[in-house]
Amino acid sequence: TLILRKNVSIKDFDEPVYEPRKIEVDFNGISQEETIKYLDNITTTFDGKEYNYPIVLVNEYPSMEINNLANVIGGKTNGNSLMIGNIKLTYTENSRLAGYGDGHLMLDRSPKSVNGKLYVPLNSLLPTTGWTVDYRRFDNLITIETGTTYPESQVTIYVKDYGAVGDGNIYDRDAVLAAFNAAVALAEQGTPSKLEFEAGKTYKINEKQDAFALFDLDNINNFTIDGNGSTLVFERPTNGLIDIEGCTNIKVKNLTVKYDEEVISWGTIKSKSVNENALYIDIPEEIHLPADDAWAKYYCTNPTEGPWIFGYIMQPENVSPRFMPFDALWINSIEHVQGREYKITFKHSLEQYIPIINIGDRFVFKSRWNSYDFGEYNKDGRPDFLAVSYSKDVTFDGIKTNGALLMFAPVAYCDGRIVFQNCEMSVTPNSLITSAADGIHLSTNRFGVIIENCNLNNSLDDLINTEAYCG
């Protein structure tokens, strides 16, 4: 029996004072407030080749003597400097800043001198080379991988063999997903595999209700999706393309995704009200109307920001945002007035902005995936287009779309290379915006994401955003 109580009393108590724990260690003449462990039963592999060199754990982070590390990775040393091709890192004992290029690199742990030799942190390879370092303490194993020796696909699964027609009229979602699941099953068993579409065909995809992403990859290695220049047409703006988490060596290429309905709505500003903290807009006939406000809030899984999140002021004729002294306008509600007129009420005061918002400007906002009933499912998570997290060596090549329900491509907590090349995000004639939030959003990745020859247009927020946390 579960009893829900409306009132719960919590007894006051005195919170203990936190005092940082300091560990004094005397190891080979070193006295400091860090734990240092010397291990000599460690195997280190570099792209599969084995070496046996001792390491030092500095607060559990592995470091290797600089000359031994150079021998493992095929580099060179000059004093306290390590050279890997045209990359040069200069370490200083007990300093968490290493010289790198014209600046510095923040290290996980500082280099230590043990028995007269300088041990440098292995993780300094990650942000400088794009290689990955994995320390498996229970196996006494360190693996360093360049990401250039992955196996080629051994088995190809064709969507046509699972019933996909690709004529743009017949629903192909179930056939495409059946082929995808078969290819993923091979990769799960350790067989590098590829999912392949027929060249130039158009696959009509009806809504996938149990998740935002059409394709979901979780802890999968050595897997490729090759669109062969084909197109997926999403009937409703309720799904993104792919969610990749905890994966290695993933390639998604040569695929265009089009949304039959635009992912946003917009209207022309007809009046503005300081007292109501609102704008009144007229939505054109060719633009889909937003969902009922109560409906959108009922299905919203983000109560903090709400279903609408924010919108922005666009120029009255050009497909360009107006230059305004604010990042965005946060929406509280969107209410139908009459006909195609809607009232947009905002969370924060418009008083200082009303004079610079013009009648005839256009207001654009995220709306369409709020409009649909997800049946027995209320989709959790985020409806991003290409999402990558906790992964390494992932490449998107030639991926094109006319919309993204939220961000085009959030990338977070990844090691190794995440590459976007020849990708496009472009507006359709009736749309003002492509993605309903950022374009490519990079957060706390161990190596700089590579963006090459991409054409990104008209996101509702930043086209490219990079951020990181360190401690």
Side-chain angles (χ1 to χ4, degrees), residues 156-185 193-217 224-243 252-265 284-291 367-377 379 383-386 396-406 408 422-436:
T156 299
I157 299 295
Y158 299 94
V159 296
K160 66 179 181 180
D161 292 339
Y162 286 77
V165 177
D167 64 356
N169 296 311
I170 294 176
Y171 288 121
D172 282 323
R173 180 199 63 192
D174 292 345
V176 167
L177 287 177
F180 170 77
N181 291 334
V184 169
S193 59
K194 178 167 65 173
L195 175 70
E196 189 164 315
F197 292 81
E198 287 189 81
K201 292 227 171 181
T202 299
Y203 299 87
K204 188 175 181 179
I205 305 297
N206 45 323
E207 180 184 354
K208 182 184 179 187
Q209 288 200 333
D210 59 350
F212 277 118
L214 177 66
F215 300 131
D216 193 350
L217 292 177
T224 298
I225 297 176
D226 190 347
N228 266 326
S230 63
T231 299
L232 303 184
V233 176
F234 284 5
E235 181 185 32
R236 294 177 174 179
T238 51
N239 290 108
L241 179 61
I242 191 166
D243 188 348
V252 185
K253 57 185 182 180
N254 305 323
L255 187 62
T256 296
V257 175
K258 294 182 179 180
Y259 289 90
D260 254 358
E261 291 184 29
E262 63 274 357
V263 300
I264 56 91
S265 289
E285 290 288 342
E286 65 271 17
I287 300 302
H288 290 87
L289 298 174
S367 71
R368 295 307 300 154
W369 60 273
N370 292 329
S371 301
Y372 290 99
D373 181 355
F374 295 144
E376 62 181 299
Y377 305 100
K379 299 179 186 178
D384 301 300
F385 186 70
L386 309 172
F396 298 100
D397 187 356
I399 305 303
K400 303 175 182 180
T401 185
N402 67 337
L405 307 185
L406 202 56
F408 173 68
N422 308 311
C423 294
E424 292 184 12
M425 185 174 69
S426 55
V427 293
T428 54
N430 290 334
S431 295
L432 302 180
I433 291 296
T434 49
S435 66

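Residues take their numbers from the sequence shown, with the count starting at 1.
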Going by the rule ring-ring contact (aromatic ring centres under 6.0 Å, His included), which residues pair with Tyr162 if we only count those two or more places apart in sequence or in a different chain? none
Under the 3.5 angstrom rule, does the side chain of Asn402 hit a backbone N or O of Thr428 as a donor-acceptor pair? no
Whether Lys194 side chain and Thr224 backbone form a donor-acceptor pair below 3.5 Å: no
Taking Asn239 for its side chain and Ala211 for its backbone only, find out whether a donor-acceptor pair lies under 3.5 Å. yes
Nearest 0.5 Å please: distance from the CD1 atom of Ile157 over to the CG atom of Leu195. 8.0 Å
Test item: Ser230 and Leu255 side chains (from C-beta on) under 4.5 Å apart, heavy atoms: yes
Phe385 side, atom CZ; Asp243 side, atom CG - distance, nearest 0.5 Å: 13.0 Å
Suppose the criterion is side-chain hydrogen bond (donor to acceptor under 3.5 Å, both in side chains): which pairs have a residue in residues 165-184, not counting sequence neighbours? Tyr171-Glu235
From CA spacing to verdict: side chain to side chain contact (heavy atoms under 4.5 Å, CB included), Ile225, Phe396: CA-CA 10 Å; Ile225 297 176; Phe396 298 100; over 6 Å; no
Just jot down the side-chain contact (heavy atoms from CB on, under 4.5 Å) partners of Val263, sequence neighbours excluded, or say none. Pro237, Tyr259, Leu405
What's the separation between atom OG1 in Thr231 and atom NZ in Lys400, rounded to the nearest 0.5 Å? 9.5 Å
Ser435 side chain to Phe408 main-chain N or O, any donor-acceptor pair under 3.5 Å? no
Tyr203 versus Val159: any side-chain heavy-atom pair under 4.5 Å? yes
Any side-chain heavy atom of Asp226 sitting closer than 4.5 Å to one from Thr156? no
How are the rings of Phe197 and Phe215 set relative to one another: parallel (under 30°), tilted (30 to 60°) or perpendicular (over 60°)? tilted
As an exercise, state the distance from CG of Asn228 to NZ of Lys201, rounded to the nearest 0.5 Å. 12.0 Å
Any sub-3.5 Å donor-acceptor pair from Thr401's side-chain atoms to Val257's backbone N or O? yes
Flag side-chain contact, heavy atom, 4.5 Å: Val252 against Leu386: no
